Amino acid sequence: MRSFTLMIVLSAVAFAQKYNGPRPPKPDVVYLVHADNLVPTEVAEAKQDSKKNETQFTVNGTSSSARTPLAEPIFIMESEKIQPSSLELYKFEVKGGHREVTMVQRRTRGGPRPLRVTVTRLEGKLYRLEADEELENGEYSLSPNGSNTVFCFEVY
């Protein structure tokens, strides 16, 4: 009887922790969370151009269609092919009608470093991602390490 009661209590605790928020309509797309609404980030392929000790990644356009007023945005994604822990957050510079970020090889100093992101598994293949620091207004992207796929958004 005692083990049966314990099993019911543990089941109730597990049920209470089940995620009840909005669910992404597409897997492997990052969505901004705005209360009970999900805003899809702008999905694009960054153009890569390498020179000497640096690699520049550019995305067409000066601003993203996905916008958030939140300085510490929260994202959600359902993972099928993309590992959420591989996503890195970078701030773009807007120049000449496009957004760009220039990576410098490790042997030299300088260049942008990824901003901190916390990844939390909500259930199954559903993940929550959060910027660990306040983001200033501007253009940003989340990108899987080693990929040119970018999930762009704007903080305003």
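Computed from a predicted model, the values in this text were never measured in an experiment.
Among all heavy-atom pairs drawn from Val155 and Ala71, the shortest one is CG1-CA, 4.3 Å. Across all non-hydrogen atoms, the minimal contact from Glu134 to Glu72 is CA-CG, 3.7 Å. Scanning both residues, Arg99 and Cys152, for their nearest heavy atoms gives NH1-CB, 3.7 Å. Pairing each heavy atom of Pro22 with each of Ile76, the nearest pair is O-CD1, 3.7 Å.
How far CG of Leu89 is from CZ of Arg113: 15.0 Å, rounded to the nearest 0.5 Å. In this structure, OG1 on Thr58 lies 7.5 Å from CD on Glu100, to the nearest 0.5 angstrom. Once rounded to the nearest 0.5 Å, the distance linking CE of Met77 with CZ of Arg23 reads 14.5 Å. Rounded to the nearest 0.5 angstrom, Leu115 CG and Lys91 NZ are separated by 9.0 Å. In this structure, the separation between NZ on Lys26 and CD on Glu80 is 13.0 Å, given to the nearest 0.5 Å. Between atom CG of residue Asn145 and atom CG of residue Leu87 there is a gap of 9.5 Å, rounded to the nearest 0.5 Å.
For Asp49 (side chain) and Gln56 (main-chain N/O), no donor-acceptor pair under 3.5 Å exists by modelled atom type. Although no hydrogens or angles enter the test, the distance criterion places a donor-acceptor pair under 3.5 Å between the side chain of Thr41 and the main chain of Val30. The closest donor-acceptor contact from the side chain of Ser147 to the backbone of Thr149 lies under 3.5 Å.
More than 12 heavy-atom neighbours from other residues, nucleotides or ligands sit within 6.0 angstrom of CG on Asn137. Atom CD of Gln83 sits in a sparse spot, with 12 or fewer heavy atoms from other residues, nucleotides or ligands closer than 6.0 Å.
Counted by atom type alone, Glu45 and Asn148 present zero donor-acceptor pairs between their side chains at under 3.5 Å. Between the side chains of Glu42 and Ser64, at least one donor-acceptor pair of N or O atoms lies under 3.5 Å. No side-chain donor from either of Thr68 and Glu154 sits under 3.5 Å from a side-chain acceptor of the other.
Linking Ile, Leu, Val, Met, Phe, Trp and Tyr whenever their side-chain heavy atoms come within less than 4.5 Å puts Val43 and Phe153 in one cluster.
Proximity of Asn60 to Lys47: side-chain heavy atoms (C-beta onward) are nowhere separated by under 4.5 Å. Residues Val33 and Leu38 meet the side-chain proximity criterion, which asks for heavy atoms closer than 4.5 Å. Within the 4.5 Å cutoff, the side chain of Tyr127 has no heavy atoms near those of the Pro24 side chain. Phe151 is listed as a side-chain neighbour of Ile82, based on a closest heavy-atom distance under 4.5 Å. In this structure, Lys125 and Pro27 have side chains that are not in contact, with every pair of non-hydrogen atoms separated by 4.5 Å or more. Within the 4.5 Å cutoff, the side chain of Phe75 has heavy atoms near those of the Leu32 side chain. The shortest side-chain heavy-atom distance between Ser141 and Phe92 falls under the 4.5 Å cut-off.
Checked options Glu123, Arg128, Arg121; the residue passing with Tyr19 is Glu123 (criterion: side-chain contact (heavy atoms from CB on, under 4.5 Å)).
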side-chain contact (heavy atoms from CB on, under 4.5 Å) assessment of His34 paired with Leu70: CA-CA 9 Å; His34 286 172; Leu70 304 174; 4.2 Å; yes
